[in-house]
Amino acid sequence: MTRPTIAITMGDPAGIGPEIIMKALARPEVHAICQPLVVGDAGRLRQAGAIVGSTITVDSLAHADEARFGTGAVQCIDLKCVPDDLPFGKLSPVAGETAYRCIAAAVEIVQAGQAQGICTAPLSKEALHAAGHKFPGHTEMLAHLTGTPEVSMMLVSPKLRVIHVTTHIGLIDAIARIEPGLVERVITRGHGVLVKAGIANPKIGVCAINPHAGENGLFGHGEEAEKITPAVEACQARGWDVRGPLPADTLFFLAGRGDYDMVVAMYHDQGHGPIKVLGLEAGVNITVGLPVIRTSVDHGTAFDIAGTGVADERSLIEALRQAVELAPKSLAA
């Protein structure tokens, strides 16, 4: 089996990212499927290793081609940007700047062909903004850094896949932004990912905006007919198995039992809620539409437990597994 190199960004160094990275990279099964290359701060990783009781060492690298995979040591592109006395669990513009620099460096590494995908540990949007980087989150930052005009967020768990039409905007703004062209483009991106993953004719369910899908005009102002139905019909005209708009509560139940391969959610909480109910440790965030593969844990920086060593690394391991599944195999080492 070929093992792609996956660039793992450290995320906010005041959060749990360094700890879950050190925990995950102590697991042999991770190294069996990929060559993990951390982009961050070697000193911070060593601090996190001591906190979680890890015995693995960390190699400080200036360039990706210096990596020595298979040595048992964590290979880290060392940006040397975290002060030794930076506290865990506290918001900091220094930490926000570090998170940004990790992402920017990882994009350069993948674009140079030195890694086949990016897997991100969590960052703090507030810290990112405090550092002067006004992005709503990873998704929008990666789109900017890669010059991609439009991307979609997909959340994946063992029982459910959800792609979002809108994400980090208010609910009223989200409803205003939804229109047939956007819905169709999101369905198209999701359909493409599933086909590449080996699902030849994926069954896709599209959520309505209003309760009961508007109940034939009883609820809402005709948003389903105006904003969603034309997109569904356009996809059906391509021969795709796309159904909707459907009541979200019923659709998520049906998808959870296996009736649908993917759900198209109209706004952030409509899609995130069902995934998180299934368990944060199993959830993975995938940015769809980028020229690079990017997966992420589906949880935040957890400042309340950062620095205690109790953070759960399972979502990061699953995110790495998904990155390997999506990585271009012809370029893997």
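Only this structure's heavy atoms are used, side chains among them; waters, hydrogens and symmetry mates stay out. We're numbering straight along the sequence, starting at 1.
Here the shortest heavy-atom pairing between Ile228 and Ala208 reads CD1-CA, 4.0 Å. The minimum heavy-atom distance linking Gly96 with Asp12 is given by the pair N-OD2, 4.4 Å. The two residues Ala311 and Ile20 make their nearest non-hydrogen contact at CB-CG2, 3.7 Å. Taking both residues in full, the closest heavy atoms of Gly309 and Val52 are given as CA-CG1, 4.0 Å, listed atom of the first, atom of the second, then distance. Nearest heavy-atom pair across Pro36 and Ile8 is CB-CD1, 3.7 Å. Nearest approach of Ser315 to His299, heavy atoms of both residues: CB-CD2, 3.8 Å.
Side-chain contact check for Gln270 versus His164: every heavy-atom pair is 4.5 Å or farther apart. Between Val284 and Ser157, the closest side-chain pair of non-hydrogen atoms is not below 4.5 Å. Inter-residue side-chain proximity for Met10 and Ile21 is flagged as met; some heavy-atom pair is nearer than 4.5 Å. With a 4.5 Å cut-off on side-chain heavy atoms, Glu179 and Glu226 do not count as touching. A heavy-atom distance below 4.5 Å is found between the side chains of Met153 and Leu155. Taking the side chain as every heavy atom from C-beta outward, Thr57 and Val74 never approach each other to under 4.5 Å. Side chains of Pro245 and Ile209 form no contact here, defined as non-hydrogen atoms less than 4.5 Å apart. In this structure, the side chains of Arg294 and Ile286 stay at 4.5 Å or more apart for every pair of heavy atoms.
By the criterion of side-chain heavy atoms lying less than 4.5 angstrom apart, applied directly or through intervening Ile, Leu, Val, Met, Phe, Trp or Tyr residues, Phe303 is not grouped with Val82; the two fall into different hydrophobic clusters. Note on Leu128 and Val94: separate hydrophobic clusters, where clusters join Ile, Leu, Val, Met, Phe, Trp and Tyr whose side-chain heavy atoms are under 4.5 Å apart, directly or indirectly. Met262 and Val195 fall into different hydrophobic clusters, defined by Ile, Leu, Val, Met, Phe, Trp and Tyr side-chain heavy atoms under 4.5 Å apart, directly or through other members. Residues Val297 and Ile33 share a hydrophobic cluster, clusters being chains of Ile/Leu/Val/Met/Phe/Trp/Tyr side chains in contact below 4.5 Å. Criterion: ILVMFWY side-chain heavy atoms under 4.5 Å apart, direct or through other members. Under it, Ile56 and Leu320 are part of a common hydrophobic cluster.
Using a distance-only test at 3.5 Å, with no hydrogens or angles considered, a donor-acceptor pair links the side chain of Lys227 to the main chain of Ile178. Judged purely by atom type and a 3.5 angstrom limit, Thr5 has no side-chain atom pairing as donor or acceptor with the backbone of Ala115. With Gln47 contributing its side chain and Leu45 its backbone, the two residues share no donor-acceptor pair below 3.5 Å. Under a 3.5 Å cut-off, the side chain of Arg46 and the backbone N or O of Val58 do form a donor-acceptor pair. Judged by distance alone, the side chain of Asn285 and the main-chain N or O of Ser296 form no donor-acceptor pair under 3.5 Å. Between the side chain of Gln75 and the main chain of Ala73, a donor-acceptor pair closer than 3.5 Å is present. Proximity of a side-chain donor or acceptor of Thr166 to a complementary backbone N or O of Met266 within less than 3.5 Å is detected. Remark: the backbone N or O of Gly137 is paired with a side-chain donor or acceptor of Glu140 at under 3.5 angstrom. In this structure a side-chain-to-backbone donor-acceptor pair under 3.5 Å is missing from Gln35 to His31. Under the 3.5 Å distance criterion, the side-chain polar atoms of Thr9 are left unmatched by any main-chain donor or acceptor of Val39.
The 12-atom threshold is exceeded at CG of Asp65, counting heavy atoms of other residues, nucleotides or ligands nearer than 6.0 Å. Sparse packing is recorded around CG of Asn216, with 12 or fewer heavy atoms of other residues, nucleotides or ligands lying under 6.0 Å away. Within 6.0 Å of CD on Gln236 lie more than 12 heavy atoms contributed by other residues, nucleotides or ligands. Residue-environment remark: NE2 (His221) stays at or below the threshold of 12 foreign heavy atoms within 6.0 Å.
Between His129 atom NE2 and Lys134 atom NZ the span is 6.5 Å, to the nearest 0.5 Å. Once rounded to the nearest 0.5 Å, the distance linking SG of Cys119 with CG of Leu316 reads 5.0 Å. With rounding to the nearest 0.5 angstrom, the CD atom of Glu19 is 7.5 Å from the CD1 atom of Ile305. Once rounded to the nearest 0.5 Å, the distance linking NE2 of His191 with CG of Asp241 reads 8.5 Å. One finds the CG atom of Leu61 at 8.0 Å from the CG atom of Asp78 (value rounded to the nearest 0.5 Å). Taken from CD in Gln116 to CG in Leu326, the straight-line distance is 13.0 Å, to the nearest 0.5 Å.
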Using the salt bridge (Lys or Arg N to Asp or Glu O under 4.0 Å) rule, take Arg27 and Glu313 through it: C-alpha gap first, then chi angles, then the decisive distance, then the call. CA-CA 10 Å; Arg27 303 272 288 266; Glu313 73 276 20; 2.9 Å; yes
Set out, in order, the CA-CA distance, both residues' side-chain angles and the distance that settles side-chain hydrogen bond (donor to acceptor under 3.5 Å, both in side chains) for Gln114 and His63, then state yes or no. CA-CA 10 Å; Gln114 295 173 309; His63 304 286; over 6 Å; no
I'd like to know whether Arg321 forms a side-chain contact (heavy atoms from CB on, under 4.5 Å) with Val30, so could you lay out the CA-CA distance, the side-chain angles of the two residues, the decisive distance to 0.1 Å, and finally the verdict. CA-CA 8 Å; Arg321 190 184 70 79; Val30 169; over 6 Å; no
Run the side-chain contact (heavy atoms from CB on, under 4.5 Å) test on Tyr260 and Arg243 for me, step by step, so that the C-alpha distance in whole Å, both residues' side-chain angles and the decisive distance to 0.1 Å come before the verdict. CA-CA 10 Å; Tyr260 289 89; Arg243 306 183 187 191; 3.8 Å; yes
Could you check Ile109 against Gln111 for side-chain contact (heavy atoms from CB on, under 4.5 Å), going step by step and ending with a plain yes or no? CA-CA 6 Å; Ile109 288 168; Gln111 289 179 331; over 6 Å; no
How far apart are the C-alpha atoms of His138 and Ile103, what are their side-chain angles, what is the distance that settles it, and do they pass the side-chain contact (heavy atoms from CB on, under 4.5 Å) test? CA-CA 8 Å; His138 270 118; Ile103 293 293; 3.3 Å; yes
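In summary, Glu325 and Lys196 do not engage in a salt bridge, as defined by a charged side-chain N under 4.0 Å from a carboxylate O. A salt bridge links Arg68 with Asp59: the distance from a Lys NZ or Arg NE/NH1/NH2 to an Asp or Glu carboxylate oxygen falls below 4.0 Å.
Side-chain rings of Phe219 and His212 approach one another, their centers coming within less than 6.0 Å.
The salt bridge (Lys or Arg N to Asp or Glu O under 4.0 Å) test applied to Lys159 returns no partner, not counting sequence neighbours.
Between the side chains of His133 and Glu97, at least one donor-acceptor pair of N or O atoms lies under 3.5 Å.
Judged by the 6.0 Å and 45° rule, Arg44 forms a cation-pi pair with Phe88.
Across Val165, Leu182, Ile172, a single residue satisfies side chain to side chain contact (heavy atoms under 4.5 Å, CB included) together with Arg177, and that is Leu182.
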